[in-house]
Peer 1: 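First the structure, then my questions, so here it is.
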Amino acid sequence: MIVELLMVIIGVLSGAVMYSYYIPKWILKKDIRKNTTDENPGGYNAYSAHKGIGLVCILLDMLKGFIPVYLFVKIKGIETPWITFMVLAPVLGHAFTPFLKGKGGKALSTAAGSMLGLTPASSLGILLVTMAIFFSFVLIIDPFASRVVGVMLVFNIVTMLFRLANLWLTIASWGITGILWYKQLQVRDPRRAVVYWWFSKNANNHYRELS
């Protein structure tokens, strides 16, 4: 139990390191939270400030979720209640980092990294990333906040219907959904959710926003 608890604490601390905030601040001398609609210290705003630096930040945000979970799975496996806390740990650390007085990021990249850390013991992370790509580039859900919640809800329903996860991973997945939903609710976006295919007229504006 002591080993598991220590690893969970390390996971929280790993998630709490805000690469997407500190790296642009050190290199660009810029606070990426300022002059944005969401004041989010995360990867998207880092990418908006500088694409190259932003991509590095997003990768690091994923790795800080991936590495602690991957190491835990290698040592303890996934058939333990502690895997629930381990998967959630980096996400909670990022979303409510004490280094920024609890005002962390939306935890999207860290959540993806945390789920990918289950590989190869579980393919849940690969399934989640695949769904995220599908709903971003094929059957598109807009605005972004609606897409995040939509992807997680579809993901959880699919994993439950086809029994792709054990009880502990199912709880962890719904826990991540709750955290992401809470963070998205803090972004006041008056736009209604819309769904459209990649070949529709709406997709042109969507791809311009991504470029």
Side-chain angles (χ1 to χ4, degrees), residues 15 20 36-48 54-55 57-59 61-62 65-66 69 84 87-88 90-92 94-96 104-119 122-211:
S20 293
T36 62
T37 57
D38 55 10
E39 298 182 345
N40 177 51
Y44 180 80
N45 284 339
Y47 181 82
S48 298
L55 289 174
C57 292
I58 291 171
L59 177 61
D61 281 347
M62 292 184 69
F66 175 87
V69 174
T84 299
V87 170
L88 289 172
V91 182
L92 286 168
H94 180 94
F96 307 102
K106 298 175 184 176
L108 304 176
S109 299
T110 305
S114 188
M115 295 298 287
L116 284 170
L118 299 169
T119 310
S122 172
S123 59
L124 289 181
I126 297 173
L127 175 62
L128 178 59
V129 171
T130 302
M131 284 188 174
I133 293 172
F134 179 80
F135 286 112
S136 294
F137 297 99
V138 183
L139 181 60
I140 302 165
I141 302 175
D142 269 336
F144 186 72
S146 299
R147 187 184 316 146
V148 170
V149 175
V151 168
M152 289 305 302
L153 288 176
V154 172
F155 172 77
N156 286 326
I157 291 170
V158 169
T159 55
M160 291 180 69
L161 283 177
F162 294 96
R163 299 181 179 180
L164 301 178
N166 62 26
L167 174 62
W168 313 120
L169 291 179
T170 300
I171 295 172
S173 181
W174 280 105
I176 287 177
T177 303
I179 295 168
L180 297 184
W181 199 334
Y182 172 78
K183 297 298 291 188
Q184 294 302 325
L185 286 175
Q186 294 180 317
V187 180
R188 297 178 180 178
D189 194 332
R191 293 176 295 173
R192 297 180 62 182
V194 293
V195 181
Y196 50 90
W197 290 100
W198 63 274
F199 50 79
S200 69
K201 292 181 179 179
N202 289 335
N204 293 329
N205 293 329
H206 171 74
Y207 291 129
R208 276 197 292 269
E209 290 178 1
L210 293 176
S211 63

Peer 1: Let me confirm one number: the CG-CD1 distance from Leu92 to Ile176, rounded to the nearest 0.5 Å.
Peer 2: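 Here the rounded value is 9.0 Å.
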
Peer 1: Measure the spacing between CG of Leu127 and CG of Leu118 and express it to the nearest 0.5 Å.
Peer 2: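 Reported value, rounded in 0.5 Å steps: 11.5 Å.
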
Peer 1: Checking the side chain of Ser114 only, and the main-chain atoms of Thr110 only, is there a donor and an acceptor separated by less than 3.5 Å?
Peer 2: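 Pair absent, no side-chain N/O of Ser114 close to backbone of Thr110.
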
Peer 1: Would you indicate whether the side-chain heavy atoms of Val158 and Phe155 approach each other to under 4.5 Å?
Peer 2: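 Of all side-chain heavy-atom pairs linking Val158 with Phe155, none is under 4.5 Å.
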
Peer 1: Specify the closest pair of heavy atoms between Ser20 and Pro41, including all atoms of both residues, with the distance to one decimal.
Peer 2: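 Looking at all heavy atoms of both residues, the closest pair is CB-O, 3.8 Å.
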
Peer 1: Backbone N or O of Leu164 within a donor-acceptor pair of the Thr159 side chain at under 3.5 Å?
Peer 2: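 Between the backbone of Leu164 and the side chain of Thr159 there is no qualifying donor-acceptor contact (under 3.5 Å).
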
Peer 1: CG of Leu128 to OG of Ser123: how many Å apart, nearest 0.5 Å?
Peer 2: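 Here the interatomic distance stands at 11.0 Å.
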
Peer 1: So does Leu108 get a backbone contact from the side chain of Lys183, meaning a donor-acceptor N/O pair under 3.5 Å?
Peer 2: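 Flag not set: sc Lys183 to bb Leu108 has no pair under 3.5 Å.
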
Peer 1: Quick check: closest heavy atoms across Phe66 and Leu116, and the distance to 0.1 Å?
Peer 2: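 Scanning both residues completely, I find the closest heavy atoms to be CE1-O, 3.4 Å.
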
Peer 1: Report yes if the side chains of Thr177 and Tyr182 come closer than 4.5 Å at any heavy-atom pair, otherwise no.
Peer 2: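 Not in contact.
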
Peer 1: How many angstroms lie between CE in Met115 and CE in Met152, if you round to the nearest 0.5 Å?
Peer 2: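 The CE atom of Met152 is 6.0 Å from CE of Met115, to the nearest 0.5 Å.
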
Peer 1: Within the distance-only criterion (no hydrogens, no angle test), does the side chain of Asn40 pair as donor or acceptor with the backbone N or O of Asn45 below 3.5 angstrom?
Peer 2: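 The answer is no, because no donor-acceptor pair under 3.5 Å joins these two groups.
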
Peer 1: Fit a plane to each ring of Phe134 and Trp197, take the angle between them on a 0 to 90° scale, and name the class: parallel (under 30°), tilted (30 to 60°) or perpendicular (over 60°).
Peer 2: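 If you compare the ring of Phe134 with that of Trp197, the planes turn out perpendicular.
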
Peer 1: Using every non-hydrogen atom in the two residues, find where Ile58 and Ser109 come nearest and quote the distance to one decimal.
Peer 2: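 Heavy-atom minimum between the residues: CG2-OG, 3.5 Å.
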
Peer 1: Would you say the side chain of Tyr196 lies within less than 4.5 Å of the side chain of Asp142, judging by non-hydrogen atoms?
Peer 2: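 Asp142 reaches Tyr196 side chain to side chain.
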
Peer 1: Given 3.5 Å as the limit, does a donor-acceptor pair link the side chain of Ser173 with the main chain of Leu169, or not?
Peer 2: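 Such a contact is absent between Ser173 side chain and Leu169 backbone.
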
Peer 1: Under 4.5 Å between any side-chain heavy atoms of Lys106 and Leu180, yes or no?
Peer 2: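 Heavy-atom side-chain distance check fails, nothing below 4.5 Å.
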
Peer 1: Is any side-chain heavy atom of Leu88 less than 4.5 Å from a side-chain heavy atom of Ile179?
Peer 2: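 Of all side-chain heavy-atom pairs linking Ile179 with Leu88, at least one is under 4.5 Å.
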
Peer 1: Can you tell me how far the CZ atom of Phe162 sits from the CE atom of Met160, to the nearest 0.5 Å?
Peer 2: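 So the CZ of Phe162 and the CE of Met160 are separated by 13.0 Å.
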
Peer 1: Could you give the distance from OG (Ser200) to CG (Leu139), rounded to the nearest 0.5 Å?
Peer 2: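 With rounding to 0.5 Å, OG (Ser200) is 9.5 Å from CG (Leu139).
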
